[in-house]
Amino acid sequence: MNVYDAANNLARAIRDSQEYKVYKQMEASVKTSEPVKKMIDDFHGKQFELQKKQMMGEQPSEFEMKQLQKLVEVASIDPLARDFISAEMRFTLMMQDVSKILSDVMELEKSQ
């Protein structure tokens with residue numbers, strides 16, 4: 001099997017995965033509720049800010065971390081927001097695992 005065929009098979013497997021299907025279904029549901037969509041957008045915005053800081057070598061302040069935690073707490077009250085965040089986390093974890101598997105191949109090649 002060539003690499004391109006394998007990549008296409010992986011893409012199909014991801015698209016057919018339960019994690020992806022649930023995530024996309026929840027994403028569509030969130031888009032129908034403007035208050036929940038805004039809540040999720042605020043959460044993503046704050047999360048992105050903190051990740052950007054970390055990538056630049058800065059440590060987020062305790063206040064910033066508490067703000068993010070507060071957004072998570074508020075979102076967890078709403079069942080739609082809570083279910084979306086949960087589905088997003090499961091999908092993200094799956095994609096991180098796949099990425100790690102692929103990057104491990106590169107590390108293996110370096111050590112030989």
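In what follows, every heavy atom counts, from backbone to side chain, and hydrogens, waters and symmetry copies are set aside.
- Residues Phe84 and Val36 form no side-chain contact, since every pair of their non-hydrogen atoms from C-beta on lies 4.5 Å or further apart.
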Using atom types as modelled, flag every donor-acceptor pair under 3.5 Å from a side chain in residues 45-54 to any protein atom, sequence neighbours excluded.
residue : atom : partner : partner atom : Å
Lys46   : NZ   : Gln67   : OE1          : 2.8
Lys53   : NZ   : Glu64   : OE1          : 2.9
Lys53   : NZ   : Glu64   : OE2          : 2.8

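- In terms of the side chain to side chain contact (heavy atoms under 4.5 Å, CB included) criterion, residue partners of Asn2 (sequence neighbours excluded) are, by chain and number, Tyr4, Asp5.
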For residues 86-101, run the donor-acceptor check on the side chains, cut-off 3.5 Å, and write out each pair with its distance to 0.1 Å, sequence neighbours left out.
residue : atom : partner : partner atom : Å
Ser86   : OG   : Arg90   : NH1          : 2.5
Glu88   : OE1  : His44   : NE2          : 2.9
Glu88   : OE2  : His44   : NE2          : 2.8
Thr92   : OG1  : Glu88   : O            : 2.8
Lys100  : NZ   : Asp104  : OD1          : 2.9
Lys100  : NZ   : Asp104  : OD2          : 3.1

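- A search for side-chain hydrogen bond (donor to acceptor under 3.5 Å, both in side chains) contacts involving Arg12 returns Asn9, not counting sequence neighbours.
- Taking the salt bridge (Lys or Arg N to Asp or Glu O under 4.0 Å) definition, one finds that Asp83 meets it with nothing, sequence neighbours left out.
- Applying the 4.5 Å side-chain rule to ILVMFWY residues, one finds Val74 in the same cluster as Met39.
- Here the shortest heavy-atom pairing between Ala81 and Ala75 reads CB-O, 3.3 Å.
- For Glu62, the salt bridge (Lys or Arg N to Asp or Glu O under 4.0 Å) test picks out Lys66, with sequence neighbours left out.
- Taking Lys24 as the reference, Tyr20, Glu27 meet the side chain to side chain contact (heavy atoms under 4.5 Å, CB included) condition, with sequence neighbours excluded.
- Not a single side-chain hydrogen bond (donor to acceptor under 3.5 Å, both in side chains) links Lys31 to another residue, sequence neighbours left out.
- Within the 3.5 Å criterion, the main-chain N or O of Ser29 finds no donor-acceptor partner in the side chain of Ser33.
- Under the ring pair (Phe, Tyr, Trp, His ring centres under 6.0 Å) criterion, no residue pair touches residues 54-76, with sequence neighbours excluded.
- By the salt bridge (Lys or Arg N to Asp or Glu O under 4.0 Å) test, Asp78 is found to be paired with no residue, residues two or more places apart in sequence or in another chain being considered.
- Partners of Glu34 according to the side chain to side chain contact (heavy atoms under 4.5 Å, CB included) rule, which considers only residues two or more places apart in sequence or in another chain, are Lys37.
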